[in-house]
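The first residue in the sequence is number 1, and the count goes up from there. What's counted below: heavy atoms across the whole structure, side chains too, no hydrogens, waters or symmetry copies.
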Amino acid sequence: QVQLVESGGGLVQPGESLRLSCEASPFTVNNYAIGWFRQAPGKEREGIACISGRDISSYYVDSVKGRFTISREPAKNTVYLQMNSLKPEDTAVYFCAARNLESFLRRLCSPASEAFNSWGPGTQVTVSS
């Protein structure tokens with residue numbers, strides 16, 4: 001049973017930073033594309049960043065480019081999302097997800113939530129003054 005658990009969310013003021021963590025078990029996170037998504041109240045789930053298996057490439061939605069950075073720490077089987085210069089519009093529940101597939105597709109990023117089939121429960125990020 002694949003498990004993903006997010007942590008690191010909280011309440012911050014505009015301009016501040018947070019680092020979200022996504023800890024995976026029991027699979028080896030380095031071999032899979034891991035995506036970060038967010039969902040604000042009344043809005044659809046949005047893919048914001050992804051790192052492909054073996055760190056070949058990464059993807060960011062335009063609204064977070066230059067502010068967010070996705071990275072992986074294989075020794076801890078964890079993927080991070082460093083979020084800087086946070087804005088009120090970044091307020092949402094943040095989820096990490098994996099493409100739990102047998103084929104090579106498991107290593108490829110996709111901005112579509114439908115491409116991912118293993119999800120964490122989410123962590124709340126609130127940006128407010």
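A pairwise comparison of heavy atoms in Ser118 and Asn100 identifies OG-CB, 3.3 Å as the closest pair. Nearest heavy-atom pair across Gly122 and Phe95 is CA-CD2, 3.6 Å. Scanning both residues, Tyr59 and Pro111, for their nearest heavy atoms gives OH-CB, 3.3 Å. In terms of heavy atoms, Ser52 sits closest to Cys109 at N-SG, 3.4 Å. Here the closest heavy-atom approach between residue Asn31 and residue Arg107 is recorded as O-CG, 3.1 Å. Heavy atoms only, all atoms of each residue included: Arg99 and Ser110 are closest at NH1-CB, 4.3 Å.
Looking only at side-chain heavy atoms (C-beta outward), Thr78 and Val29 stay at 4.5 Å or farther from each other. Taking 4.5 Å as the limit, every side-chain heavy atom of Leu86 sits out of range of all side-chain heavy atoms of Gln13. Counting heavy atoms from C-beta outward, Trp36 and Ile51 have side chains that stay 4.5 Å or more apart. Residues Asp90 and Arg67 meet the side-chain proximity criterion, which asks for heavy atoms closer than 4.5 Å.
Val61 and Val93 sit in two unconnected hydrophobic clusters of ILVMFWY residues. Membership requires side-chain heavy atoms under 4.5 Å apart, directly or through other members. Grouping the Ile, Leu, Val, Met, Phe, Trp and Tyr side chains by contacts below 4.5 angstrom, directly or via other members, places Trp119 apart from Ile34. Placement of Val79 and Val5 in two distinct hydrophobic clusters is found when ILVMFWY residues are connected by side-chain heavy-atom separations under 4.5 Å, directly or transitively. Connection of Ile48 to Met83 is established within a shared hydrophobic cluster, with ILVMFWY side chains joined at heavy-atom distances below 4.5 Å, either directly or through further cluster members. Tyr80 and Leu4 fall into different hydrophobic clusters, where Ile, Leu, Val, Met, Phe, Trp and Tyr are joined by side-chain heavy atoms under 4.5 Å apart, directly or via other members.
With sequence neighbours left out, Lys65 forms a salt bridge (charged side-chain N to carboxylate O under 4.0 Å, His left out) with Asp62.
Remark: Glu23 CD is loosely packed, at most 12 non-hydrogen atoms of other residues, nucleotides or ligands lying under 6.0 Å away.
In this structure, the side chain of Thr91 engages the main chain of Val127 through a donor-acceptor pair within 3.5 Å. Thr28 contributes no side-chain N or O that, together with a main-chain N or O of Asn30, makes up a donor-acceptor pair within less than 3.5 Å.
Taken from OG1 in Thr123 to CG in Leu18, the straight-line distance is 8.5 Å, to the nearest 0.5 Å. Taking CD from Gln82 and CG from Leu20, the interatomic distance works out to 9.0 Å, rounded to the nearest 0.5 Å. Atoms OH and CG, on Tyr60 and Leu81 in that order, are 7.5 Å from each other to the nearest 0.5 Å. In this structure, Asn84 CG and Thr69 OG1 are separated by 6.5 Å, a value rounded to the nearest 0.5 Å.
In this structure, Phe68 and Tyr94 have tilted ring planes: the angle between them lies in the 30° to 60° band. Ring pair Tyr32/Phe27 is perpendicular by interplanar angle, where above 60° counts as perpendicular and below 30° as parallel.
Of the candidates Glu46, Glu44, Glu6, Arg38 forms a salt bridge (Lys or Arg N to Asp or Glu O under 4.0 Å) with just one, namely Glu46.
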